[in-house]
Amino acid sequence: MAGWHVAGRKSLMRISGVILCGGKSSRMGQDKAGLMWQGHSWLDHTARTLRDAGAENIYVSGERDGYPSVPDRVEGRGPAAAICSCILHIEDAVDALLFVPVDMPLLEGHILSVLPEGLGDAQAVVFGDLPLPLCLRFDAALKAYCHAQLERIAAGDKGSVKGLIAGLVTRRLEALKPEALRNFNRPQDIETYLLPG
């Protein structure tokens, strides 16, 4: 059953969430999904953040135990291909999909919930110039668009999340807590921002 988005009041926006964690984590030197934060793996922490933002159904892009996994239809081509693969795979009766990378451990549900709240009549909503986290209106038009994007990527187009949303009517919201949207890609990032000084 689809989740009902709640942020202080009931909304009719139905949401599923997707955790992007299919990358190689080469700069981190280990699998980021398994790193620990506040007693939970980054993967479990991200799932909890999505649930706090109103998503009941949680999917993972990439093979992970304990979560419904969505394989890439075009392997090794980055998050844009992963997002399109998820959109073509998921069949939930929902209004929107929330995509969050696994390497944003400071992101909180009440911050993330602003995206679906701000979708309005747009097809996509993001914070400022950041491509992720990303909320997309989930409908037949999006599926058709992503099918075409995947064909381009399979034919050799590099593909990027910024390029993906450039073809959509996108709303850009101000991030009230920009530090929560920080990506953690290297061990130095953890030492600087997560470990006690």
Side-chain angles (χ1 to χ4, degrees), residues 1-7 9-23 46-47 49-64 67-102 107 109 112-173:
M1 181 177 177
W4 292 96
H5 173 62
V6 179
R9 64 184 188 280
K10 272 194 175 178
S11 168
L12 298 181
M13 178 69 72
R14 298 169 298 169
I15 305 164
S16 285
V18 179
I19 304 170
L20 300 171
C21 60
T46 306
T49 299
L50 278 163
R51 290 190 187 98
D52 288 348
E56 182 175 322
N57 301 328
I58 307 293
Y59 297 86
V60 171
S61 172
E63 284 289 327
R64 302 290 167 177
Y67 293 90
S69 298
V70 181
D72 287 349
R73 297 193 176 202
V74 183
E75 292 188 11
R77 301 306 293 272
I83 289 170
C84 288
S85 296
C86 290
I87 288 165
L88 296 179
H89 176 88
I90 294 171
E91 297 182 351
D92 295 353
V94 295
D95 302 299
L97 297 179
L98 264 175
F99 292 88
V100 178
V102 77
L107 184 61
L112 186 59
S113 68
V114 171
L115 293 182
E117 288 173 1
L119 187 59
D121 58 359
Q123 294 173 294
V125 59
V126 293
F127 289 114
D129 292 328
L130 297 175
L132 293 168
L134 168 65
C135 182
L136 293 173
R137 180 176 303 285
F138 190 51
D139 56 18
L142 181 67
K143 281 184 174 281
Y145 175 74
C146 286
H147 186 273
Q149 292 298 308
L150 272 182
E151 287 186 338
R152 290 178 54 191
I153 292 171
D157 188 275
K158 185 176 179 181
S160 69
V161 181
K162 285 189 175 183
L164 180 68
I165 63 178
L168 300 171
V169 177
T170 302
R171 179 164 291 156
R172 300 181 183 276
L173 305 180

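Along the sequence shown, residues are numbered consecutively beginning with 1. Below, all heavy atoms of this structure are taken into account, side chains as well, without hydrogens, waters or symmetry copies.
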So which pairs with a foot in residues 151-167 pass side-chain hydrogen bond (donor to acceptor under 3.5 Å, both in side chains), sequence neighbours left out?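 Listed by first then second residue: Arg152-Asp157.
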Closest non-hydrogen atom pair between [X] and [Y], with its separation:
X: Val60; Y: Cys21; answer: CG1-SG, 3.3 Å
X: Cys86; Y: Phe99; answer: CB-CE2, 3.9 Å
X: Val100; Y: Thr46; answer: CG1-CG2, 3.7 Å
X: Ala47; Y: Tyr67; answer: CB-OH, 3.5 Å
X: Ile90; Y: Lys143; answer: O-NZ, 3.1 Å
X: Asp52; Y: Gly109; answer: CB-CA, 3.8 Å

Measuring from atom [atom1] of [X] to atom [atom2] of [Y], what distance do you get when rounded to the nearest 0.5 angstrom?
X: Glu56; Y: Arg14; atom1: CD; atom2: CZ; answer: 12.5 Å
X: Ile83; Y: Ser61; atom1: CD1; atom2: OG; answer: 8.5 Å
X: Leu107; Y: Thr49; atom1: CG; atom2: OG1; answer: 5.5 Å
X: Ile165; Y: Arg172; atom1: CD1; atom2: CZ; answer: 5.0 Å
X: Leu173; Y: Glu117; atom1: CG; atom2: CD; answer: 9.5 Å
X: Asn57; Y: Leu50; atom1: CG; atom2: CG; answer: 11.0 Å

Taking only residues two or more places apart in sequence or in another chain, which ones pass salt bridge (Lys or Arg N to Asp or Glu O under 4.0 Å) with Asp72?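 With sequence neighbours excluded, Asp72 shows a salt bridge (Lys or Arg N to Asp or Glu O under 4.0 Å) to no residue whatsoever.
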Who are the salt bridge (Lys or Arg N to Asp or Glu O under 4.0 Å) partners of Arg171, not counting sequence neighbours?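 Arg171: salt bridge (Lys or Arg N to Asp or Glu O under 4.0 Å) contacts with Asp121.
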Can a donor-acceptor pair be found, under 3.5 Å and without considering hydrogens, that links the side chain of Ser69 to the backbone of Gly62?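 Confirmed, Ser69 side chain pairs with Gly62 backbone.
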By side-chain hydrogen bond (donor to acceptor under 3.5 Å, both in side chains) - contacts of Arg51 (at least two apart):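 Listed in chain order: nothing, the list is empty.
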Side-chain donor-acceptor contacts of residues 122-138 below 3.5 Å, not counting sequence neighbours, with atom names and distances?
unit_1 : atom_1 : unit_2 : atom_2 : d
Gln123 : OE1    : Val169 : N      : 2.8
Arg137 : NE     : Ala122 : O      : 3.1
Arg137 : NH2    : Gly120 : O      : 2.1
Arg137 : NH2    : Ala122 : O      : 3.3

What residues, two or more places apart in sequence or in another chain, satisfy side chain to side chain contact (heavy atoms under 4.5 Å, CB included) together with Val74?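 Once residues adjacent in sequence are excluded, the partners of Val74 under the side chain to side chain contact (heavy atoms under 4.5 Å, CB included) criterion are Arg77, Leu150, Ile153, Ala154.
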